[in-house]
Amino acid sequence: MPELPEVETIRRDLQRLLPGKVIEDVKLLFPGFVKYPDPGEFVRLCRGKAVLQTGRRGKYLFLHLSEGFLLAVHLRMTGRLLYYPKQEPPALHTRGVFSFAGGGELHFHDVRKFGTMWLVEPGALDRIGGLKALGPEPLREGFSPAFLHECCRKTTRPIKSLLLSQEAAAGIGNIYADEALFKAGLNPRRRANSLTREEAEKLRDAIREVLREGISARGTSRRDYLDAGGRSGSYQDRLKVYGRKGQECPLCRCPVQRVVIAGRSTHFCPACQAVKGE
DNA sequence: CGGACAACCTGGTTGC
DNA sequence: TGCAACCAGGTTGTCC
């Protein structure tokens with residue numbers, strides 16, 4: 001569920017709450033979410049570690065712990081990280097509870113059980129599945145128009161598919177991909193290698209804009225997403241095309257269409273995002 | 001290379 | 001009301 005803006009919102013919440021706290025215990029209600037090391041070792045290694053700092057890479061959330069350990073979290077579709085200042089009985093779909101010395105709990109809640117965590121030492125980042133293949137952070141300098149254009153030039157796949165692959169930029173998901181393509185006026189089926197330099201630049205700017213707007217709105221809450229305080233975001237009220245099949249395009253009032261690309265539902269305005277090129 | 005599809009899971013919505 | 005079908009913000013693996 002959560003894409004870059006949602007993960008970043010949670011990270012900022014946790015950055016205010018966790019640094020300085022020491023993990024006293026971890027209860028695994030569904031140990032399957034622990035990918036590395038084995039669940040027993042995971043719990044043993046977490047105990048007594050302090051949270052020093054939070055971080056994020058694409059949709060991966062990091063808690064930097066003492067002794068050089070890194071706790072990496074991927075929330076996938078329905079994962080939530082919920083902080084409670086006092087003891088809280090676990091909800092139905094709570095999969096793990098981190099309790100801190102002196103009070104406070106972090107609950108990992110995940111209806112669909114897709115979410116995953118890893119606990120690794122520095123230099124063992126390759127233990128974290130998928131992390132290595134990530135493209136640049138879209139809100140940092142490395143995500144230049146030239147870089148995006150080069151990524152596009154190398155593949156014939158639809159531009160929507162490229163955006164979802166995480167290779168061109170880390171952290172874009174289904175919602176922000178559709179919103180960025182709308183903002184850039186590009187048809188989601190456009191072959192990536194048919195984008196001109198100007199179009200790639202426009203898309204790069206659009207990606208950065210929608211992600212920044214998403215963060216400002218504290219994320220998009222459609223069904224499952226909540227921040228670390230259990231609050232909804234508000235970007236769902238600002239979506240132009242995503243989830244708006246049959247409703248009017250805000251620019252031209254043409255009905256928004258829904259199609260399936262790369263197995264994912266895709267929303268666009270057939271007029272504002274008419275197919276150009278090939 | 002990349003597309004199509006299934007898998008991993010559970011729950012909510014839609015339509016008959 | 002019941003029930004089946006379809007849908008869901010993500011990633012990985014298999015087959016062709």
Side-chain angles (χ1 to χ4, degrees), chain A residues 1-10 29-36 56-61 72-81 91-96 108-118 127-135 151-181 188-194 207 210-211 213-215 217-227 232-246 258-267:
Chain A
M1 87 182 180
E3 308 182 27
L4 187 153
E6 289 75 35
V7 178
E8 178 62 15
T9 299
I10 294 169
L29 288 73
F30 166 69
F33 75 81
V34 177
K35 292 303 160 193
Y36 185 86
R56 182 190 58 74
R57 179 82 173 88
K59 299 169 195 167
Y60 292 78
L61 180 73
V73 182
H74 197 303
L75 299 170
R76 307 283 172 167
M77 298 283 266
T78 56
R80 296 173 181 167
L81 285 173
L92 177 60
H93 300 296
T94 299
R95 309 306 183 186
F108 174 53
H109 183 277
D110 186 17
V111 170
R112 292 176 72 179
K113 296 179 172 173
F114 292 168
T116 48
M117 292 193 196
W118 303 259
R127 295 277 186 196
I128 303 172
L131 192 60
K132 219 170 132 187
L134 292 185
C151 280
C152 288
R153 215 184 50 71
K154 284 191 280 199
T155 179
T156 62
R157 65 207 297 199
I159 185 63
K160 163 85 185 245
S161 173
L162 176 65
L163 293 184
L164 291 180
S165 76
Q166 309 299 301
E167 296 157 25
I172 301 170
N174 210 30
I175 293 178
Y176 295 95
D178 283 4
E179 293 298 309
L181 288 168
R189 283 200 204 281
R190 269 287 290 282
R191 300 281 148 198
N193 66 352
S194 77
I207 288 167
V210 298
L211 293 177
E213 289 167 8
I215 292 170
R218 299 187 55 81
T220 304
S221 294
R222 303 198 83 239
R223 34 181 63 208
D224 296 300
Y225 168 71
L226 297 175
D227 67 22
S232 296
S234 66
Y235 201 64
Q236 64 278 8
D237 301 330
R238 309 243 283 273
L239 297 174
K240 306 279 203 295
V241 287
Y242 187 86
R244 300 189 71 249
K245 177 186 174 183
R258 177 188 178 276
V259 296
V260 174
I261 298 173
R264 311 299 302 283
S265 85
T266 299
H267 309 76

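In what follows, chains are A, B, ... by sequence order, proteins preceding strands, each numbered from 1.
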Checklist entry - When rounded to the nearest Å, what value does the distance between P atoms of C:dC7 and B:dC5 take? => result 13 Å
Checklist outcome for this item: All heavy atoms of A:Lys160 vs all of A:Ser265, minimum pair found to be NZ-O, 3.4 Å
Checklist entry - Are A:Arg157 and A:Glu167 ion-paired here, with the side-chain N under 4.0 Å from a carboxylate O? => result yes
Item to check | Residue-phosphate contact under 4.0 Å: A:Ser265 side-chain N/O, C:dA8 OP1/OP2 | outcome: yes
Next on the checklist: Please report the interatomic distance OG1(A:Thr9) to CG(A:Leu226), rounded to the nearest 0.5 Å.
Outcome noted: 12.0 Å
Next on the checklist: Applying the 5.5 Å / 30° rule, does A:Phe114 stack onto the base of B:dC8?
Outcome noted: yes
Checklist entry - CZ of A:Arg191 versus P of B:dC1: gap in Å, rounded? => result 16 Å
Checklist entry - Does B:dC8 have OP1 or OP2 sitting under 4.0 Å from an N or O in the side chain of A:Lys113? => result no
Checklist entry - With sugar-phosphate meaning primed atoms plus P, OP1 and OP2, does A:Pro5 contact a base, only sugar-phosphate, or nothing at under 4.0 Å between heavy atoms? => result nothing
Next on the checklist: Can you see if the side chain of A:Arg76 gets near the phosphate of B:dA7 - specifically, an N or O under 4.0 Å from OP1 or OP2?
Outcome noted: no
Next on the checklist: Measure CG/A:Leu162 against P/B:dC1 and give the value in whole Å, please.
Outcome noted: 13 Å
Checklist entry - Which part of the nucleic acid does A:Arg222 contact within heavy-atom distance under 4.0 Å: base, sugar-phosphate only, or nothing? => result base
Next on the checklist: Suppose we screen for side chain to side chain donor-acceptor pair (under 3.5 Å). Which residues come up paired with A:Arg57, at least two apart in sequence or across chains?
Outcome noted: A:Glu137
Next on the checklist: What is the separation between atom CD on A:Glu167 and atom C1' on C:dT12, rounded to the nearest whole Å?
Outcome noted: 13 Å
Item to check | Test item: A:Leu131 and A:Tyr60 side chains (from C-beta on) under 4.5 Å apart, heavy atoms | outcome: yes
Checklist entry - Taking the side chain as C-beta and beyond, is there a heavy-atom pair between A:Lys113 and A:Arg95 under 4.5 Å? => result yes
Checklist outcome for this item: Closest to the side chain of A:Tyr242, out of B:dT10, C:dG10, C:dA8, is C:dA8
Next on the checklist: How many whole angstroms separate atom CG of A:Leu92 from atom P of B:dT10?
Outcome noted: 10 Å
Checklist entry - How far, in whole Å, is B:dA7 from C:dA5 if one measures between their P atoms? => result 16 Å
Checklist entry - Starting at CZ of A:Arg112 and ending at P of B:dT10, how long is that distance when rounded to a whole Å? => result 10 Å
Checklist entry - A:Ile128 has an atom CD1; how far is it from atom C1' of C:dT11, in whole Å? => result 15 Å
Next on the checklist: Can you tell me if A:His93 touches the phosphate of B:dC9, counting only side-chain N or O atoms and a distance under 4.0 Å to OP1 or OP2?
Outcome noted: no
Next on the checklist: For A:Tyr235 and A:Tyr176, I'd like to know if the aromatic rings sit close, meaning centre-to-centre distance below 6.0 Å.
Outcome noted: yes
Checklist entry - Say you pick atom P in B:dA6 and the same atom in C:dC6; how far apart are they, in whole Å? => result 12 Å
Checklist entry - Rounded to whole angstrom units, what separation is found between the CG atom of A:Leu164 and the P atom of C:dG10? => result 7 Å
Checklist entry - Can you check the A:Arg80 CZ to C:dA8 P distance for me, whole Å? => result 18 Å
Checklist entry - At under 4.0 Å, does any side-chain N or O of A:His74 touch on OP1 or OP2 of C:dT11? => result yes
Checklist entry - Are OP1 or OP2 of C:dT11 and a side-chain N or O of A:Lys59 less than 4.0 angstrom apart? => result yes
Checklist outcome for this item: Minimal heavy-atom distance between A:Gln166 and A:Gly171, with the atoms involved, is OE1-N, 2.7 Å
Next on the checklist: Mind checking if A:Gly263 touches a base, just sugar-phosphate, or nothing, with heavy atoms under 4.0 Å?
Outcome noted: nothing
Next on the checklist: In this structure, which stretches of DNA chain B are paired as stems of three or more consecutive Watson-Crick or G-U pairs, both distances less than 3.5 Å?
Outcome noted: B:2-8 with C:10-16, B:10-16 with C:2-8
